[in-house]
Amino acid sequence: MNQTRTIKGGGNLKGIVKVPGDKSISHRSLIIGSIAKGETLIEGFLFSEDPLSTADCLRKLGVNIPDIIRDKPFTIQGIGLDNFSEPSQILNCGNSGTTMRLLMGLLAASKNKNFILTGDNSLSERPMNRVCKPLRMMGGKLFGRDNGNKAPITVVGEKLRGCVIGTPIASAQVKSAILLAGLTANGPTSVIEPASSRDHTERMLKAFGADIQIRGELGRNIVINPGRDLIGQKILIPGDISSASFWMIAASIIPNSYITLKNVGLNPTRTGILEIMDKMGCDYEIKDQKVIAGEPIGNIDVRTANSLKPFIIEGAILPKLIDEIPILSVAACFCDGTSQIKDASELRVKETDRLKVMARQLKKFGALVEEEDDGLTITGGSNFIAAEVDSETDHRVAMSLAIASLLAKGTSKIYRSEASNVSYPSFWNDLEDLLNSN
Ligand code: S3P
C-alpha cells in the first residue's frame, strides 16, 4: 500500500518523545535469547517490521516466541546452541539486512541442516558475499545468485572451523555473523575490523556468559572462544539514537523548537551524530545518564541553535553514524557554508543507494547538493520550496524527507511514506504531537 503524506512547512516542534526501542539491540535480543538456555525477558522491544521479521524467522526455526504486542514485555524460551530445526518454509527476512546476515552466521554453523533465506526487492539486491566469504573461510557452505552474493541464499549447515578473519569493511552485521558462527566452531574465532562498528553483539554475548574478549586498538579485535552455554537474561532495550536523530536535527534547525528525547541509547559506537552536532554548534544537553543492561542511556534536550556551522564527515567516524547520513544531509542544507560527506560508499548498498536517493530527493526542494563517488557535497543557504518527494521505499529517507518538508515553504507531498514502518512506525504520530502549526 503506497501511502502519500502531506506536510506543511513552518511551525515549530515542542514536547517530549519516548524514543522507540533500538533496532539493532531488538534483533539481537531475539537471536541471542533464542540460542541461550532458559528464559530471556525482553522489555522495550522495537515493534516494527524489521525486528518482527527476525521473530518470524526464529519461529520457523523452532523457537517458541510468543505473539509480540507493542509496548508489552515478553519472554522467550531459548533452545540452546545449535538446536534450530530445519524449517519447512523459506525464511523471509523482509527488508532487514540484519536479520539475514546475522542468521546466516548461525545457520551456517547448524550442521546437517539446510535453510533458504530470502527478502524483499531491496534486500535481494544487497551484497551478501561480505558475510558468505568469511563464513566460507570457516568451512561454511552458502550459495546464492550472482556468485553467492545475492538472495535467495541457501545455507547447508556444517561444523565450522575457528579462524582469524580480517574484515575489509567495518560492518557490525558482518562482525556479528562471524561471532555467532564462532560460538560453536571447533576453536577460537578472531575478527579484526578496519574501524570499530557498533558493539551490541559483543556486549550482549558477554552478558549472556559467552567467553568473548575485546582486544587491540579501539577494540577492533574481538575473539570468541566456543564451548560455553549462553544463559537467558533480562534485557532492557534503550531507545534508538538513529530514530532520535530525526528530532535532534529538526529541533536544532526549526526556529523556536525544544524537544526532550527520553531513554536514548548512548553506546559510544553509535554517537557519531552527537560529535557532528558539536561541530555544527547545536544546542543540546544530555541528562540522567545511566547504564542499563550493559548499555549507556540518557535523556537529550535539544533546542534551536543560533547558527549552524558546516561539517566534514570522513574516516573512522562513519560506522558511528552510518544510519544518520540521510538526516545529516538534510542538516547540511541549513548550515552556513559547504559540508562534505566522504568515505561513505557503504551508503550505496543500504536499503537504497542513499547517496543517490538523498541527492535526487533533496534537489526537488532546491537543495544545493552534489553526489560524489563516495559521498555528498552540500552547500547550505538555499531556501527550501515545497516539493513532491518519494522515500523510494527507504525508511530513513522517508523520515529525513519529512523533516526537510517542515523546513520548506508550502505543502510538500511524501510518496511511499509507509517505509518508516521498518524502524519507526509511530514517527508520524510523534510528529503530529510535537508540531505546533503557525
Ligand atoms: C546494523 C549495522 C549497520 C547498520 C544497520 C544495522 C546492525 O549495518 O547500518 O542499520 O544492527 O548490525 P552494517 O553492519 O552493514 O554497517
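Here, residue 1 is the first one in the sequence, and each next residue gets the next number. Bear in mind that the values here come from a model prediction, so they are computed numbers and not experimental data. We count ligands from 1, going down the list as the structure has it; atoms in each ligand are counted the same way.
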> In terms of side-chain geometry, is the basic nitrogen of Lys18 or Asp430 positioned less than 4.0 Å from the acidic oxygen of its partner?
Replying inline: no

> For Arg130, is at least one N or O under 3.5 Å away from an N or O on ligand 1?
Replying inline: no

>> List ligand 1 atoms under 4.0 Å from Ile322, heavy atoms only on the residue side.
In response: 9 (O)

> Any idea which protein heavy atom is nearest atom 8 (O) of ligand 1, and the distance to it?
Replying inline: Lys350 NZ, 3.1 Å

> Would you call Glu371 and Arg348 a salt bridge, taking side-chain N to carboxylate O under 4.0 Å as the test?
Replying inline: yes

>> Suppose we measure from atom 14 (O) of ligand 1 to each protein heavy atom; which comes out shortest, and what is that distance?
In response: Ser171 OG, 2.7 Å

>> Suppose I only count heavy atoms of Thr98 and a 4.0 Å limit; which atoms of ligand 1 are within that range?
In response: 1 (C), 6 (C), 7 (C), 11 (O)

> What's the shortest distance from atom 12 (O) of ligand 1 to any protein heavy atom, and which residue and atom give it?
Replying inline: Arg28 NH2, 2.6 Å

> What orientation do Trp247 and Phe427 show, parallel under 30°, tilted 30 to 60°, or perpendicular over 60°?
Replying inline: parallel

> To the nearest 0.1 Å, how far is atom 4 (C) of ligand 1 from its closest protein heavy atom, and which atom is that?
Replying inline: Asp323 OD2, 3.3 Å

> Got an N/O contact under 3.5 Å between Ala170 and ligand 1?
Replying inline: no

> Is a salt bridge present between Asp82 and Lys111, judged by a nitrogen-to-oxygen distance below 4.0 Å?
Replying inline: yes

> At what distance is the nearest protein heavy atom to atom 1 (C) of ligand 1, and which residue and atom is it?
Replying inline: Gln173 NE2, 3.6 Å

> Should Asp323 and Lys23 count as an ion pair when the cut-off is N to O under 4.0 Å?
Replying inline: no

>> If we count only N and O atoms by modelled type, under 3.5 Å, do the side chains of Thr154 and Asn114 hold a donor and an acceptor together?
In response: no

> Which of the atoms of ligand 1 are close to Ala172, meaning less than 4.0 Å from one of its heavy atoms?
Replying inline: 12 (O), 14 (O)

> Should Glu125 and Lys150 count as an ion pair when the cut-off is N to O under 4.0 Å?
Replying inline: yes

>> Using a plain distance cutoff, I'd like to know if Ser24 has any nitrogen or oxygen under 3.5 Å from a nitrogen or oxygen of ligand 1.
In response: yes

> Does an N or O from Arg198, backbone or side chain, lie closer than 3.5 Å to an N or O of ligand 1?
Replying inline: no

>> With a 3.5 Å distance limit and no angle check, can you tell me whether Asp343 reaches the backbone of Gly315 through a side-chain donor-acceptor pair?
In response: yes

